[in-house]
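Working notes, structure below.
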Protein chains: 2
Amino acid sequence: MAIKKQRAVRRTDALSKERIVEAAIEILDSDGEGALTFRTLAAHLATGSGAIYWHVANKDDLLAAATNDVIARVMADLAGGARPREAIRALALGLFDAIDAHPWVGTQLSRAPWLAAIPQIFEGFGSRLEELGVPEGAQFDATSTLVIHVLGVAGQNAANARLHAHRTDRTAFLSEIAQQWAQLDPARYPFVHRVAAQLPEHDDREQFLAGIDLILGGIEAAHPGPSPRT
Amino acid sequence: MAIKKQRAVRRTDALSKERIVEAAIEILDSDGEGALTFRTLAAHLATGSGAIYWHVANKDDLLAAATNDVIARVMADLAGGARPREAIRALALGLFDAIDAHPWVGTQLSRAPWLAAIPQIFEGFGSRLEELGVPEGAQFDATSTLVIHVLGVAGQNAANARLHAHRTDRTAFLSEIAQQWAQLDPARYPFVHRVAAQLPEHDDREQFLAGIDLILGGIEAAHPGPSPRT
DNA sequence: CATGGGAATGGAACAACATTCCATCATTGC
DNA sequence: GCAATGATGGAATGTTGTTCCATTCCCATG
């Protein structure tokens, strides 16, 4: 009854959590994680920092909302029902691409396991594993391994992005690290030495997917389901 | 020649990077990540914050040194040469236990891929996979999948620890999350619903190891080595 | 044995930040 | 119309990482 004439409250440019989150995402995407402060955000919204706190509990709350926003969009785009294994790969790649496009999402995911986005991701992987024929007792471990892989890559990607921001391009940066690795004692680090050469030219996305396939392979090897067709 | 009488410089309690890192680790371990500031550190060392900057570039430098310190100790303890697969599991568990004991290490690992500790971890896993008979072309992907799993769990563990700090015990905290998960729409989140019950009582360490085994299973399934004995 | 200069020190000062406070304004139910 | 509540915006507040700088210590050189 009280919700009668709740038309556009105040001016058309009234503040709201949605508008604040939207502005925050813009700042994060265009200028990076370090650029989001309540001052820049207030300036962007042409208001004061105090007003923002009326709609948002604190910075963590704001970042969580922004992260959930991005992830929810990804999950919505991936409703389609391909075969389970393909659906898992598609979901993983969708998440990777979103994290790659918004590196700050990676930072959030890797430090906030209680985010609303997490059960969504869990559901996405878990229900597909169910379809794949993974026995119930093994679903939790298998799903969490997939989720951990996504979150792990998310964190590393975000960390890399924090460096790229003020450095040269990605390949040059990886070459620097490869050079450091190549300078380690070859007797004690033979493997690192061998791999250093592949570092600058490797594709993060392909390596991420290779990891997903490895895990899926392990799951199928442990539980050869009733359907041998992958 | 110039390095002649460089005995104990200054007083016996002279500042040094080692002593600073040592003190930082003490603070991090006993009072958590949030407790480490240059002021508390200076108080702990009975000096001023300016003096610390003579030995340490900045806070990131300090945290990196502390992290490398802890990881280097773990790696040193695990030199032993069991069979490759067992060695990989032992290394993974060693890292998990260290991260579990020092959650702040997890935070660092999941946000700093250029740490000196990373190539050490890479070498640890990679050289064992070589022994396992994984072909050279597949070693990079397989190793990075194992490393990502460790780093992913590291980040999640650290995030959980940040919450426990001021809450009740761990089981109670997981029960809270499980309750939130259980309140989601069962029609849209059937899997999450089923898994919520297992959440409070599950063992992070076992689940971590299950993930490692899943990945190892995938590696072996993809590359059935010359040695069928695991 | 003095002494000058670089290595170290410690604490004050600075800038940036998240957050809180509060005086003010707009809107709405009465 | 008027009080009460919903929102606002900007000025404090307290804490942080970092810088600055006057001072102290030690060593090599005269």
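Evaluation of the side-chain hydrogen bond (donor to acceptor under 3.5 Å, both in side chains) test over residues 49-63 of chain A, restricted to residues two or more places apart or in two chains, returns Lys17(A)-Asp61(A). Residue pairs meeting the salt bridge (charged side-chain N to carboxylate O under 4.0 Å, His left out) criterion with at least one member in residues 94-118 of chain A, sequence neighbours excluded, are Asp97(A)-Arg205(A).
Applying the side chain to side chain contact (heavy atoms under 4.5 Å, CB included) rule to His44(B) yields the partners Ala23(B), Glu26(B), Ile27(B); only residues at least two apart in sequence or on another chain are considered. Checked against ring-ring contact (aromatic ring centres under 6.0 Å, His included), Phe125(B) has no partners two or more places apart in sequence or in another chain. Residues forming a ring-ring contact (aromatic ring centres under 6.0 Å, His included) with Phe191(B) (at least two apart in sequence, or on another chain): none.
Here dG11(C) presents its P atom at 11 Å from CD1 of Ile52(B), a figure rounded to the nearest Å.
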>> Counting primed atoms plus P, OP1 and OP2 as sugar-phosphate and everything else as base, spell out the protein contacts along nucleotides 13-21 of chain C at 4.0 Å heavy-atom distance: B, S or - for each nucleotide, 5' to 3'.
In response: ----BBBBB
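Taking side-chain N and O atoms only, His55(A) has a distance below 4.0 Å to OP1 or OP2 of dT8(D). At dA7(D), one or more side-chain N or O atoms of Trp54(A) fall inside 4.0 Å of OP1 or OP2 (strictly under the cut-off).
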